[in-house]
S.K.: 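Can you read through this structure? Questions will come right after.
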Amino acid sequence: MNCSDLEAVAAAMVAKDKGLLAADESTGTIKKRFDKIQLESTEEQRRTYRELLFTTAGISQWISGVILFDETIRQKTRDGVPFPQYLGKLGIIPGIKVDAGAKPLALFPGETITEGLDGLRERLIEYYRLGARFAKWRAVIDIGEGIPTSYAIEANAHALARYAALCQEQNIVPIVEPEVLMDGAHTLPRCEQVTDAVLGAVFTHLAEQRVYLEGMILKPNMVISGKKCPTRAAPEQVAAATLRCLKRHVPAAVPGIAFLSGGQTPAEATEHLSLMNRSKGLPWQLSFSYGRALQDAALAAWGGKAANFAAGQKEFHKWARLNGLARSGAFQPGMEQQAA
Ligand code: 13P
């Protein structure tokens with residue numbers, strides 16, 4: 001492990017005014033996204049869509065890195081340039097999703113464990129050769145009656161730390177992503193209680209497994225009411241609760257926190273990030289690593305039609321810029337209505 005290389009990459013991932021694009025939807029997830037625009041999910045359509053995102057002019061002003069999927073890291077632009085090299089030339093760091101997905105946790109109904117540790121060292125070696133300098137592993141914690149159990153939290157935290165240690169051994173910066181889902185009818189205090197337990201376990205396992213905190217990025221959920229909660233907390237309450245929870249658990253040695261959007265609308269996710277970034281004296285950079293919040297509008301504007309390629313890029317640029325503004329607290333609700 002080369003600590004200074006890991007630190008340099010981690011710092012660049014959360015550089016001022018920039019954040020990450022999560023474009024690492026698995027084959028199953030991208031099919032669900034394409035279904036919404038009635039587009040068949042073929043390898044070429046997936047390649048075209050990723051090309052739309054990556055070749056959007058001016059994007060490197062707001063995007064520091066892109067998380068790729070195994071298929072995408074091996075694909076090329078229309079002109080034959082491998083995507084990782086294309087991004088690298090723009091100063092955008094290529095990253096790679098390395099987990100094999102959340103699978104049912106045996107004998108724990110309703111709970112999952114993320115798989116993908118077997119053979120991970122060898123895969124990391126190959127991904128580094130293909131240009132990846134950071135990786136992502138997502139653990140999923142659902143809130144419901146009697147769940148999450150402390151065992152599911154522990155098992156997922158342990159696997160996240162195993163993954164993070166393997167990444168650092170191979171000089172790849174791990175994005176550690178324990179996602180507490182916002183599906184369901186739970187309140188914000190319940191989300192805070194669960195997120196507290198999850199982050200506590202994650203940092204315990206990271207310490208036990210000797211993970212170098214200066215060379216990692218945390219990708220958490222925000223502390224937020226469930227989507228079906230009848231009384232959803234206001235943006236200021238989300239920002240305050242999220243910061244409170246992070247301050248309790250995330251050591252100052254961690255260079256940056258890059259939130260997932262998790263099913264929030266793009267405007268909500270952007271506003272919450274902007275509000276948090278108005279807080280002074282935080283020990284870490286607060287950034288974004290959004291999938292849906294950066295892509296939803298672009299995907300809808302494109303609709304799978306060649307004639308709408310530029311319209312899709314315009315929407316992607318707009319949401320990348322608005323989140324870039326949120327990095328310094330400069331995004332205000334309503335800005336999304338103004339011209340891009
Ligand atoms: P969302 O922002 O759509 O939640 O996706 C981020 C991500 O990478 C989830 O693993």
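The figures here come from the full heavy-atom set of this structure, side chains too, leaving out hydrogens, waters and symmetry mates. First listed ligand is number 1; within each ligand, the first listed atom is number 1.
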S.K.: Who passes ring pair (Phe, Tyr, Trp, His ring centres under 6.0 Å) against His205, sequence neighbours left out?
M.R.: His158
S.K.: Dump the intermediate steps for salt bridge (Lys or Arg N to Asp or Glu O under 4.0 Å) on Glu126 and Arg123, then the final yes or no.
M.R.: CA-CA 5 Å; Glu126 188 196 8; Arg123 289 193 291 129; over 6 Å; no
S.K.: Using a 6.0 Å cut-off, check whether atom CD of Glu40 has over 12 heavy atoms from anything other than its own residue.
M.R.: no
S.K.: Do Gln75 and Glu51 meet the criterion of a side-chain donor-acceptor pair at a distance under 3.5 Å?
M.R.: no
S.K.: Should the pair Trp302 and Tyr49 be assigned to parallel (<30°), tilted (30 to 60°) or perpendicular (>60°) ring geometry?
M.R.: parallel
S.K.: Any donor-acceptor pair under 3.5 Å linking the side-chain atoms of Gln313 with those of Thr55?
M.R.: yes
S.K.: Sort out the contact shell of ligand 1: every protein residue with a heavy-atom distance below 4.0 Å, listed by chain and number.
M.R.: Ala22, Asp24, Lys136, Arg138, Glu177, Lys219, Leu260, Ser261, Gly262, Ser289, Tyr290, Gly291, Arg292
